[in-house]
2 protein chains.
Amino acid sequence: MLSASHAEQAQNYSDVVVAFDKEPACLQALFWKQPMEQLDAGRTLFFEGDQAKHLFELVEGVLRIFKIMADGRRVITGFLYPGDLVGVSLRNHYLYSAEAVTPTRLRRFSRKAFEETVSGSPELRPQLLARLCDEMAAAQDQMVLLSCKNAEERLCSFLLQQLQRKREQDCSSNVVDLPMTRLDIADYLGLTIETVSRTMTKLTNKGIVGPAGRHSVCIIKVGTLAHLAGEGDEYHGSSSSVISLDNTRRRH
Amino acid sequence: MLSASHAEQAQNYSDVVVAFDKEPACLQALFWKQPMEQLDAGRTLFFEGDQAKHLFELVEGVLRIFKIMADGRRVITGFLYPGDLVGVSLRNHYLYSAEAVTPTRLRRFSRKAFEETVSGSPELRPQLLARLCDEMAAAQDQMVLLSCKNAEERLCSFLLQQLQRKREQDCSSNVVDLPMTRLDIADYLGLTIETVSRTMTKLTNKGIVGPAGRHSVCIIKVGTLAHLAGEGDEYHGSSSSVISLDNTRRRH
DNA sequence: CGTCAACTTGAAAGTGTTCAAGGTCTGTGG
DNA sequence: CCACAGACCTTGAACACTTTCAAGTTGACG
């Protein structure tokens, strides 16, 4: 999965249309001429271990990316949103399965052709690397979350993440929608549906979020939410300066 | 962090020396002429958030790669071993801090020059991508571990991982050494030192591992260890075939 | 309006953490 | 070579948080 969060792809669709037809100026442009495909909610795009013959650009809808363990347990390693590219971890086989959370529309592109085109373009190469690094950074944040955040911190982090993604589009209200089920959220956060549900209730009782139907939430106290998410400032300034090496290490 | 586990870099040092001086045949070769630097055990190579001016090739010793949360909790996202490259997540700032677990020797290379050289070489580019993908795959495995493995499964996975790494070098005995402290292991596996210690004792009592000093373990029953690690076959064959979607999902 | 899946809530149980104490190893200096 | 100090590791008991199991509620859609 490669989220379209960073740098290079701030250029959105309208920009792309302009600078096109000769040489694609951004990665999405490669998919531009491909026919649009539909995928109903709940359908699988590909399975972990499948030969990775194609990449996809998600144009509309939401995908979940997950792995299934031997005993049936599922781990959702991420959700993908419009503008994201799917399956760019350039191996011979997909590292994960991909399913539609909502009805989706996407474009397909041969992986081989993708690699050749990107490899041959000094424009596109750094964009691919940038995306991979964004993905890597996200994976590491997720490891931090799973390693040492408790249920409340996890859910707050998740909600905050959803809010930020929403704000990149329309900077309007604080109502974010959660198209995925509680089970999806649970499998993403390493919790059970019951814990997700209970924690959500707790946040509501505290007045931090307000319910807005089953599949959306209104974030009332953004600051408190950020604080509870336990992500501090995300950046400890620079260099050696303040590295609090106190032994007061907490867990949960 | 980029582990040297896969494909391209199976070519080891001796191979590299031969095909050198004109155009580097592999990523490590770039570091070849750089002066060797020392780093004592416990010393920091760089901090998360520092400007990423250099990349490193780890020649000898072990590094730990970690993030510190606002409240002082530490998450070790990986260990690096000889042959690995450090800091290749090509952002402007390091994503994590790096410290020497044991006394290490490494070579430094300007990140800018690295990017330029790799970018200009059709030989090296796919190698970089391959490493990034390996790193991504490792990160995802770690997410699976942290998401839904219990203490025993985590420790078994870790030991197995160490064993496999050892076997890539000398296929000899089943004694792996663990240069890192229990605290390092705990912070890597998302547990406490006490739990790591207890679980280690339990594995010993079961006769799965035998103690061989504080900083090494003898793996006695590899099969049992692999089974307890709960990693099944790692690959569910291909395609749609058998996807056990039973609801009997367990956790812990 | 009924049905089914999704969600919520409660109570009991389990796993890992926390706190505390004791034990072991290693390096240093006598 | 031995003794000591300090860091590291092990073990025990109480506790906390999440899970598990179970029942009830809500809401979407035919």
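So that the names make sense, note that chain A is the first sequence line, chain B the second, and so on, each numbered from 1.
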Exercise. Write down the distance between NZ (A:K202) and P (C:dG10), rounded to a whole number of angstrom.
Key: 14 Å
Practice problem: Nearest whole angstrom, please: distance from the P of D:dC8 to the CG of B:D187. | Solution: 13 Å
Throw together a table of side-chain donor-acceptor distances under 3.5 angstrom for residues 173-180 of chain A, partners on residues two or more places apart or in other chains.
unit_1 : atom_1 : unit_2 : atom_2 : d
A:S173 : OG     : A:V175 : N      : 3.3
A:N174 : OD1    : A:R167 : NH2    : 2.9
A:N174 : ND2    : A:I219 : O      : 3.4

Self-check item: Cation over ring face, B:R165 and B:Y81, 6.0 Å, 45°
Solution: yes
Exercise. Quickly work out the A:L189 CG to D:dT19 C1' distance and round it to whole Å.
Key: 15 Å
Quiz item: Taking all atoms of both residues into account, what is the closest heavy-atom pair of B:A100 and B:D40, and its distance?
Solution: CB-O, 3.3 Å
Practice problem: Could you walk me through whether B:Y94 and B:F47 pass the ring-ring contact (aromatic ring centres under 6.0 Å, His included) test, one step at a time? | Solution: CA-CA 7 Å; B:Y94 294 115; B:F47 289 97; over 10 Å; no
Quiz item: Is the B:F66-B:Y96 ring centre distance short of 6.0 angstrom?
Solution: no
Practice problem: Specify the residue among A:R198 and B:T181 whose closest nucleotide of DNA chain D lies further upstream toward the 5′ end. | Solution: B:T181
Practice problem: May I ask you to evaluate whether A:R182 reaches the phosphate of C:dT8, defined as a side-chain N or O under 4.0 Å from OP1 or OP2? | Solution: yes
Quiz item: Separation of B:L183 atom CG from C:dT17 atom C1', in whole Å?
Solution: 14 Å
Exercise. Could you check which of C:dT18, D:dT10, C:dG16 has an atom nearest any side-chain atom of B:E194?
Key: C:dT18
Exercise. Find the distance A:R73:CZ to D:dT18:C1' and express it as a whole number of Å.
Key: 15 Å
Practice problem: Check the distance between D:dC9's C1' and B:I185's CD1 and give it to me in whole angstrom. | Solution: 11 Å
Quiz item: Ion pair present between A:E37 and A:R107, side-chain N to carboxylate O less than 4.0 angstrom?
Solution: no
Quiz item: Do any side-chain nitrogens or oxygens of B:T195 fall under 4.0 Å of OP1 or OP2 in C:dT17?
Solution: yes
Exercise. Go through the steps to decide whether A:T77 and A:K67 satisfy the test side chain to side chain donor-acceptor pair (under 3.5 Å), and finish with yes or no.
Key: CA-CA 7 Å; A:T77 55; A:K67 282 168 168 265; over 6 Å; no
Practice problem: Tell me which residues in residues 205-215 of chain A put a heavy atom below 4.0 Å from DNA chain C, sorted by number, or none. | Solution: A:R214, A:H215
Quiz prompt | side-chain N/O B:T201 vs D:dT11 OP1/OP2, d < 4.0 Å | solution = yes
Practice problem: Would you tell me if any nitrogen or oxygen in the side chain of A:T192 comes within less than 4.0 Å of OP1 or OP2 on D:dT19? | Solution: yes
Quiz item: Atom CD of A:E152 and atom P of D:dA16: how far apart are they, to the nearest Å?
Solution: 17 Å
Quiz prompt | Nucleotide D:dT19, atom P - distance to CG of A:N150 in whole Å | solution = 11 Å
Self-check item: Angle by which the axis turns from one end of the helix from C:dC1-D:dG30 to C:dG30-D:dC1 to the other, five pairs per end, to 10 degrees
Solution: 30°
Quiz item: Do the side chains of A:L63 and A:F56 get nearer than 4.5 Å, heavy atoms only?
Solution: no
Quiz item: Is it true that A:R73 and B:E153 make a salt bridge, defined as a side-chain N closer than 4.0 Å to a carboxylate O?
Solution: yes
